[in-house]
Amino acid sequence: QVQLAESGGDSVQPGGSLTLSCDASAYTGSIYSMAWFRRAPGKKHDEPREGVAGLLDSSGATYYSDSVKGRFTISRDSAKNTLYLHMNNLKLEDSAMYHCAIKEIPVGGRWSGFNTWGQGTQVTVSS
């Protein structure tokens with residue numbers, strides 16, 4: 001059963017905006033944090049995904065990678081069990097498959113220890 005379902009990926013021009021959604025309504029486990037990761041084209045599947053934005057469930061605190069800070073915003077609608085990634089001023093290098101993920105317990109660093117993943121949604125930035 002798919003527990004996390006991403007949507008919203010599209011093709012946009014540089015400078016454009018997109019909002020990605022991650023429907024977590026089918027997820028029944030505990031949540032310590034949720035995050036968005038991405039894998040750029042050409043990267044091998046055994047290479048780790050790049051963490052771009054995360055959110056701590058208890059406090060709502062957010063954190064970002066340097067590559068997206070100031071351009072991307074992560075948010076969550078608890079009533080809808082949906083995680084969002086609002087992306088502004090998109091750059092060519094933002095092209096990637098974007099995945100949302102859940103970490104159940106506080107292990108590892110901010111970008112590690114995630115054990116539930118969605119299948120991803122494709123974002124392509126091109127002129």
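For this chain, numbers begin at 1 and follow the sequence in order.
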J.: Start with the C-alpha distance between Leu90 and Leu18, add both sets of side-chain angles, then the distance that settles side-chain contact (heavy atoms from CB on, under 4.5 Å), and finish with yes or no.
T.: CA-CA 8 Å; Leu90 283 161; Leu18 275 178; 4.2 Å; yes
J.: Work out which heavy atom in Lys103 is nearest to a heavy atom in Asn115; give both atom names and the distance.
T.: CA-OD1, 4.3 Å
J.: Hey, are Lys69 and Asp66 close enough for a salt bridge, meaning a charged N less than 4.0 Å from a carboxylate O?
T.: yes
J.: For residues 116-127, which side-chain donor-acceptor pairs fall under 3.5 Å, sequence neighbours excluded?
T.:
from: Trp117; atom 1: NE1; to: Phe114; atom 2: O; distance (Å): 3.2
from: Thr121; atom 1: OG1; to: Gly9; atom 2: N; distance (Å): 2.9
from: Gln122; atom 1: NE2; to: Ala96; atom 2: O; distance (Å): 3.3

J.: Can you confirm whether Glu104 sits close enough to Tyr32 that some side-chain heavy atom of one is under 4.5 Å from a side-chain heavy atom of the other?
T.: no
J.: Determine whether Glu6 and His99 satisfy the following criterion, side-chain contact (heavy atoms from CB on, under 4.5 Å), listing intermediate values before the conclusion.
T.: CA-CA 7 Å; Glu6 302 94 336; His99 302 262; 3.8 Å; yes
J.: Determine whether Leu83 and Tyr98 fall in the same hydrophobic cluster, where Ile, Leu, Val, Met, Phe, Trp and Tyr are linked whenever their side-chain heavy atoms lie under 4.5 Å apart.
T.: yes
J.: Between Tyr27 and Leu20, is there a shared hydrophobic cluster once you connect ILVMFWY residues whose side-chain heavy atoms come closer than 4.5 Å?
T.: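 Yes, same cluster.
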J.: Do Phe72 and Val12 share a hydrophobic cluster, counting only Ile, Leu, Val, Met, Phe, Trp and Tyr and linking them when any side-chain heavy atoms are less than 4.5 Å apart?
T.: yes
J.: Do we see a donor-acceptor contact under 3.5 Å between the side chains of Ser17 and His86?
T.: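 Result is no, nothing qualifies.
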J.: How far apart are the closest heavy atoms of Asp23 and Thr82, and which atoms are they?
T.: CA-OG1, 4.3 Å
J.: Hey, what do you get for NZ (Lys43) to CZ (Arg49), rounding to the nearest 0.5 Å?
T.: 13.5 Å
J.: With heavy-atom distances below 4.5 Å as the criterion, would you say the side chains of Trp36 and Cys22 are in contact?
T.: yes
J.: Is any side-chain heavy atom of Lys91 closer than 4.5 Å to a side-chain heavy atom of Arg71?
T.: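 In contact.
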J.: Between atom CG of Asp94 and atom OG of Ser67, what is the distance when rounded to the nearest 0.5 Å?
T.: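 So the CG of Asp94 and the OG of Ser67 are separated by 7.5 Å.
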J.: According to a 4.5 Å side-chain heavy-atom criterion applied to Ile, Leu, Val, Met, Phe, Trp and Tyr, with indirect links allowed, do Leu85 and Met34 form part of one hydrophobic cluster?
T.: yes
J.: Using the side chain to side chain contact (heavy atoms under 4.5 Å, CB included) criterion, which residues pair with Asp77? Sequence neighbours excluded.
T.: Ala79, Lys80, Tyr84
J.: Testing the basics here: between Ala26 and Val2, what is the closest heavy-atom pair and its distance to 0.1 Å?
T.: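 That closest heavy-atom pairing would be CB-O, 3.5 Å.
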J.: Are Ile74 and Ile31 connected in the hydrophobic side-chain network, where two residues link if heavy atoms are under 4.5 Å apart?
T.: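 Yes; tracing contacts between hydrophobic side chains, which count when under 4.5 Å, links both residues.
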J.: Sequence neighbours left out, cut at 3.5 Å: what donor-acceptor pairs do the side chains of residues 51-63 make with other protein atoms?
T.:
from: Asp57; atom 1: OD1; to: Arg76; atom 2: NH1; distance (Å): 2.0
from: Ser59; atom 1: OG; to: Ala61; atom 2: N; distance (Å): 3.1
from: Tyr63; atom 1: OH; to: Arg110; atom 2: O; distance (Å): 3.0

J.: For residues Glu50 and Ser65, determine if any side-chain heavy atom of one lies less than 4.5 Å from a side-chain heavy atom of the other.
T.: yes
J.: Just by distance, no angles: are the side chains of Thr28 and Gln3 close enough, under 3.5 Å, to form a donor-acceptor pair?
T.: no
